[in-house]
Amino acid sequence: MPAPSVAAVAGWERGMRRARRLVAAAVLRLLLAAHVAAAFDPVSVGLVIGAASALTGYLSYCRFAECCREEQPLNASALKLDLEEKLFGQHLATEVILKALTGFKNNKNPKKPLTLSLHGWAGTGKNFVSQIVAENLHSKGLKSKFVHLFVSTLHFPHEQQIKLYQDQLQKWIRGNVSACASSLFIFDEMDKLHPGVIDAIKPFLDYYEQVDGVSYRKAIFIFLSNAGGDLITKTALDFWRAGRKREDIELKDLEHVLSVGVFNNKHSGLWHSSLIERNLIDYFIPFLPLEYRHVKMCVRAEMRARGSAIDEDIVTMVAEEMTFFPKDEKIYSDKGCKTVQSRLDFHEAPNGAG
């Protein structure tokens, strides 16, 4: 995990916010002074308006550098379009994430941060969704200084350093929420996180108005995990074998099973976690295993993203190279859409390229 200069970051952002407020007030006073002076001295009017223009120019800082826009509303239509056009085979994730984010961002006084836990096998769209969410909350997406991605195997690799990680995590989150209340924190590979690490952020996710003078109520936390993938697949298979459509699966069919399953799974990162005990995770969102038709959708989407013409022969070749499970039925791609890009590179390479 990068070594944060928490105090410097927080102090700088608070200073910038205070400066912008002071400048705005100064502009208003200058313009009022110009209105009074107009009856007496045109030269004075020009000087006052010139000074006001200079100060107003300072306020355009946010046009050139990223600012935290805490009250900026969520464009729900844009988020809905992104989810529907870019995420395939995940009707539950699309519905729940859209409703959860829209409701949270429309609430001017949330009682706690929004906390989402995304579960499913690799390649089903969890990382992709976190990218879509980041892009719809902050203009620079994952590159925004207000979006923070933690990868368990990179930032928290050593089991013997759990206490150090907990302290670093608390300081990092406290400093960044102080700088921007609407910060987004994404924790990837939760199934590889050492149990206990994530409990360090429990006070920040709880129903406190403030913790040490900082309010975390407008922040968003997203956990990504492969844990629970077996439970999700079992439910999906049960529906398929009963002749029911995957779109008939509802959140209530999986959410409780997931919360209990990851709580009791020693490899979930949420094993016996106080976050689950205290019901601080707002939604456990299942990502269903992807079928052959969904893999083909992924291939077409990747072709469009590259500006390539859709070649159905290549689409079919890429999809048919995937391996599917269970062994007898062969319904679901065992890697989801994870290897679509590399396989498409191979098929789109010029003849003789090596």
Side-chain angles (χ1 to χ4, degrees), residues 78-101 116-133 135-136 188 191 222-255 257-258 261 283-306 310 312 314-344:
L79 175 60
K80 183 174 186 288
L81 189 64
D82 277 348
L83 291 170
E84 290 178 347
E85 291 190 349
K86 299 175 182 178
L87 184 66
F88 308 116
Q90 304 298 353
H91 68 285
L92 286 175
T94 296
E95 178 185 0
V96 176
I97 289 169
L98 179 62
K99 288 183 177 179
L101 277 174
L116 309 175
S117 193
L118 281 48
H119 297 266
W121 294 129
T124 52
K126 302 184 301 297
N127 288 91
F128 193 41
V129 160
S130 65
Q131 177 183 327
I132 290 173
V133 169
E135 290 170 351
N136 279 270
D188 194 10
D191 48 300
I222 299 179
F223 305 137
L224 313 180
S225 178
N226 289 355
D230 53 342
L231 301 172
I232 297 168
T233 296
K234 181 182 182 304
T235 299
L237 269 174
D238 288 345
F239 271 70
W240 184 84
R241 288 167 177 161
R244 301 175 65 184
K245 296 186 296 183
R246 67 190 281 125
E247 289 76 17
D248 291 336
I249 301 174
E250 298 180 19
L251 186 63
K252 65 181 181 181
D253 296 317
L254 278 164
E255 191 170 31
V257 172
L258 271 180
Y283 297 96
F284 290 85
I285 304 176
F287 280 67
L288 304 176
L290 298 182
E291 301 172 7
Y292 177 82
R293 59 191 171 111
H294 302 128
V295 174
K296 295 182 80 170
M297 290 178 185
C298 291
V299 180
R300 294 189 192 102
E302 179 62 24
M303 284 181 158
R304 282 192 292 270
R306 297 180 181 197
I310 305 300
E312 288 297 333
I314 292 180
V315 170
T316 300
M317 280 191 287
V318 171
E320 288 184 348
E321 286 178 358
M322 299 292 189
T323 52
F324 293 81
F325 72 96
K327 184 178 179 180
D328 296 329
E329 292 99 333
K330 294 185 177 179
I331 309 165
Y332 304 120
S333 169
D334 61 0
K335 295 183 180 68
C337 286
K338 203 170 186 67
T339 60
V340 160
Q341 289 187 357
S342 59
R343 291 178 184 273
L344 195 53

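Heavy-atom basis, side chains included; hydrogens, waters and symmetry copies ignored.
- Here the shortest heavy-atom pairing between Val295 and Cys337 reads CA-SG, 3.9 Å.
- Residues Leu92 and Pro286 share a closest heavy-atom pair of CD1-CG, 3.7 Å.
- With a 4.5 Å cut-off on side-chain heavy atoms, Arg343 and Met322 count as touching.
- Between Arg293 and Glu291 there is a salt bridge, since a side-chain N of the basic residue sits under 4.0 Å from a carboxylate O of the acidic one.
- Residues Phe287 and Phe128 form no side-chain contact, since every pair of their non-hydrogen atoms from C-beta on lies 4.5 Å or further apart.
- Evaluation of the salt bridge (Lys or Arg N to Asp or Glu O under 4.0 Å) rule for Glu85 yields no partner, not counting sequence neighbours.
- Residues Leu254 and Leu288 have side chains in contact (heavy-atom distance under 4.5 Å, counting atoms from C-beta outward).
- The structure places OG of Ser225 at 9.5 Å from CG of Leu258, a figure rounded to the nearest 0.5 Å.
- Each of Asp253, Val257, Leu251 was scored for a side chain to side chain contact (heavy atoms under 4.5 Å, CB included) with Glu255, with one residue passing: Leu251.
- For the pair Trp121/Ile232, no side-chain contact is recorded, criterion being any heavy-atom separation below 4.5 Å from C-beta on.
- The existence of a salt bridge linking Asp230 and Lys234 is excluded, since no basic side-chain nitrogen approaches an acidic carboxylate oxygen closer than 4.0 Å.
- The two residues Lys126 and Leu224 make their nearest non-hydrogen contact at O-CD2, 3.9 Å.
- Between Val315 and the choices Glu320, Met303, Glu302, Met297, the side chain to side chain contact (heavy atoms under 4.5 Å, CB included) rule is met once, by Met303.
- By the neighbour-count criterion of 12 heavy atoms within 6.0 Å, atom CD of Glu329 is densely surrounded, having more than that number from other residues, nucleotides or ligands.
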